[in-house]
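Note on naming: letters A, B, ... go to the chains in the order of the sequence lines (proteins, then strands), and numbering restarts at 1 for each one. If you're wondering where the values come from, they're calculated on a predicted model, not measured in any experiment. Heavy atoms only: backbone and side chains are in, while hydrogens, waters and symmetry mates are out.
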Number of protein chains: 2
Amino acid sequence: MNAIARRQKHKAELKTQILEAARQIFVRDGYENFSMRKLAQRIEYSPGSIYLHFKSKEELFESLVEESFERLLKVVAGIQNGHAKQDPVESLKKGLRAYVDFGLRNPNDYRFAFMLRRPVQKRPYRVHPVFGVLRHMVGRCVEEQRFRAVDVESTSQALWAAIHGITSLLIQRPTFPWVGRKELIDQVINNAVDGLAVMPGSEEKATAGVRHAQFNRVPATSTARSRS
Amino acid sequence: MNAIARRQKHKAELKTQILEAARQIFVRDGYENFSMRKLAQRIEYSPGSIYLHFKSKEELFESLVEESFERLLKVVAGIQNGHAKQDPVESLKKGLRAYVDFGLRNPNDYRFAFMLRRPVQKRPYRVHPVFGVLRHMVGRCVEEQRFRAVDVESTSQALWAAIHGITSLLIQRPTFPWVGRKELIDQVINNAVDGLAVMPGSEEKATAGVRHAQFNRVPATSTARSRS
DNA sequence: CATTCATAGTGAACACTGTTCATTATACTG
DNA sequence: CAGTATAATGAACAGTGTTCACTATGAATG
């Protein structure tokens, strides 16, 4: 019994070793230049051995991406919980920014997860926890009446579209003459979020004591562009 | 002279024949299931012959996608010019919608151009003509003071991010429980554009006679979701 | 008409790819 | 030590993009 436990342990170790090696190749050579044979060579096993742990290249990547997403989830969830008493709109913005930053810092993971691989469409779609957090944040903004009475679901999806758009474009087209990265991200986020806030002037449901969201839109400047 | 002209004509015809066949396979089997050998078989030539007309699979796709985007450009430019007297904000929205529709109708082209292939980064970046039209439209909105005095460049980029976001997400994750497609697209576009319009209540530079943009935001509904 | 000659087209070959599977090596149990 | 379950292999399969020495074709020239 002890022996089989040691077996399993070794097997698990080998599996994570494969994952680590795979990630290295994946990051260094990119998705399209990854190959099972390269990976096998790196871990000094035969190609077939990998299939003792992962039933396909696809599944191997799936595991890799899952890992990455857990990191992203931690970052985003940390913002959600950590600043429970904080302004929900500010929390939301921070979360959105964290999302974009994560994508820019881990472009390969982001590319794989959201850009190149079409998700296997088996079983009813499992809504990703990261999106769940986003929706929760939006929900809080509405509950606390910092947002107009918008539909939480569609608003969350629209926000996701906005931040995914800027993230993937910045990753995919690094040589485009973008205006400053930071400013652009801020503009996208502020534009998307501030439009949802209760507007000064219109009373709607705004309760007394609830401060109105500032409209942090970027000022008009001459078409200044900095590097990517 | 006549003979070589006939030669060239035949060559050109063959080239377009290749492109047509390639497009069929490309559309039917998708980018990743396309193969030069399939194409060769379809046009009843040997695989090597294709390389007499295109120096790589990559270049072949480039031509294909170029064609597609020219169609989009025509549509968008048509909106820009055709309705010269029309409300520039409405023109802009129409253009944005046309962009999204194009992506959803030509997912393979869109994927190739904006999602999977990072553009070759030789020579100074050639800004895509479609983006040029978008920028022009934004410029008109600002000139005619239908928009606040925002920076045209960064605003155009932010708008691009928004529509690219919703387009690529809808393409990439068709099984996600999206709220209605049309409503979501409208929400994204309206949210992004209306936030830029001169706001009712704030006078800013709004000239007399210039109607204020309506705020076409989606109403609050119960979390109704329809299929993809 | 015969000969040259550029071009079009071929098909075999190269160096890869993901994946499978019969076979062998290994390590543990009775 | 024999038996057995599992780990690992290496060859094989069917495919990929691309190249290149070669041949077929058809027009232009002597």
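Scanning for side-chain hydrogen bond (donor to acceptor under 3.5 Å, both in side chains) contacts around A:Ser35 gives an empty result, with sequence neighbours left out. Scanning for salt bridge (charged side-chain N to carboxylate O under 4.0 Å, His left out) contacts around B:Glu143 gives an empty result, with sequence neighbours left out. Not counting sequence neighbours, B:Thr16 has no partner by the side-chain contact (heavy atoms from CB on, under 4.5 Å) test. A:Phe147 meets the ring-ring contact (aromatic ring centres under 6.0 Å, His included) test with no other residue; sequence neighbours excluded. Looking at residues two or more places apart in sequence or on another chain, you find a side-chain contact (heavy atoms from CB on, under 4.5 Å) between B:Glu66 and B:Glu70, B:Arg126. Every side-chain contact (heavy atoms from CB on, under 4.5 Å) that B:Glu67 has, sequence neighbours left out, goes to B:Leu19, B:Arg23. Residues satisfying the salt bridge (charged side-chain N to carboxylate O under 4.0 Å, His left out) criterion with A:Glu20, sequence neighbours excluded, are absent altogether. Checked against side-chain contact (heavy atoms from CB on, under 4.5 Å), A:Val65 has the following partners two or more places apart in sequence or in another chain: A:Phe69, A:Phe112, A:Ala113.
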If you restrict it to nitrogen or oxygen atoms, what contacts under 3.5 Å exist between nucleotides 9-11 of chain D and the protein, and what is each distance?
{"from": "D:dT9", "atom 1": "OP2", "to": "A:Ser46", "atom 2": "N", "distance (Å)": "2.7"}
{"from": "D:dT9", "atom 1": "OP2", "to": "A:Ser46", "atom 2": "OG", "distance (Å)": "3.3"}
{"from": "D:dT9", "atom 1": "OP2", "to": "A:Ser49", "atom 2": "OG", "distance (Å)": "2.5"}

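Between the CD atom of A:Glu59 and the P atom of C:dT19 there is a distance of 10 Å, rounded to whole Å. Following rounding to the nearest Å, B:His53 (NE2) and D:dT18 (P) show an atom-to-atom distance of 16 Å. In this structure, the CG atom of A:Leu39 is 12 Å from the P atom of C:dT17, given to the nearest Å. Following rounding to the nearest Å, B:Lys57 (NZ) and D:dT18 (P) show an atom-to-atom distance of 8 Å. For the pair B:Tyr51 OH and C:dT7 P, the computed distance is 22 Å after rounding to whole Å. As a whole-Å value, the separation of B:Lys11 NZ from C:dG9 C1' is 12 Å. Between the CD1 atom of B:Ile25 and the P atom of D:dG17 there is a distance of 10 Å, given to the nearest Å. The interatomic distance linking B:Asn33 (CG) with D:dG17 (P) rounds to 11 Å, in whole Å.
A rotation axis mapping the C1' atoms of four pairs onto the next four is fitted at both ends of the helix from C:dC1-D:dG30 to C:dC28-D:dG3 over five pairs, and the angle between these axes is 30° to 10 degrees.
Cation-pi geometry between B:Lys15 and B:Tyr45 is not met: the NZ or CZ atom fails to fall both under 6.0 Å from the ring centre and inside 45° of the normal.
Within 4.0 Å of A:Phe54, counting heavy atoms only, lies no atom of the nucleic acid at all.
The two residues A:Ser168 and B:His164 make their nearest non-hydrogen contact at OG-NE2, 3.0 Å.
Interface residues of residues 13-24 of chain A facing DNA chain D, ordered by number: A:Leu14; criterion, heavy-atom separation under 4.0 Å.
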Sequence neighbours left out, cut at 3.5 Å: what donor-acceptor pairs do the side chains of residues 37-44 of chain A make with other protein atoms?
{"from": "A:Lys38", "atom 1": "NZ", "to": "A:Asp29", "atom 2": "OD2", "distance (Å)": "2.9"}
{"from": "A:Lys38", "atom 1": "NZ", "to": "A:Asn33", "atom 2": "O", "distance (Å)": "2.8"}
{"from": "A:Arg42", "atom 1": "NE", "to": "A:Gln24", "atom 2": "OE1", "distance (Å)": "3.4"}
{"from": "A:Arg42", "atom 1": "NH2", "to": "A:Gln24", "atom 2": "OE1", "distance (Å)": "2.8"}

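The side chain of B:His10 sits closest to C:dG9 out of C:dT19, D:dA8, C:dG9.
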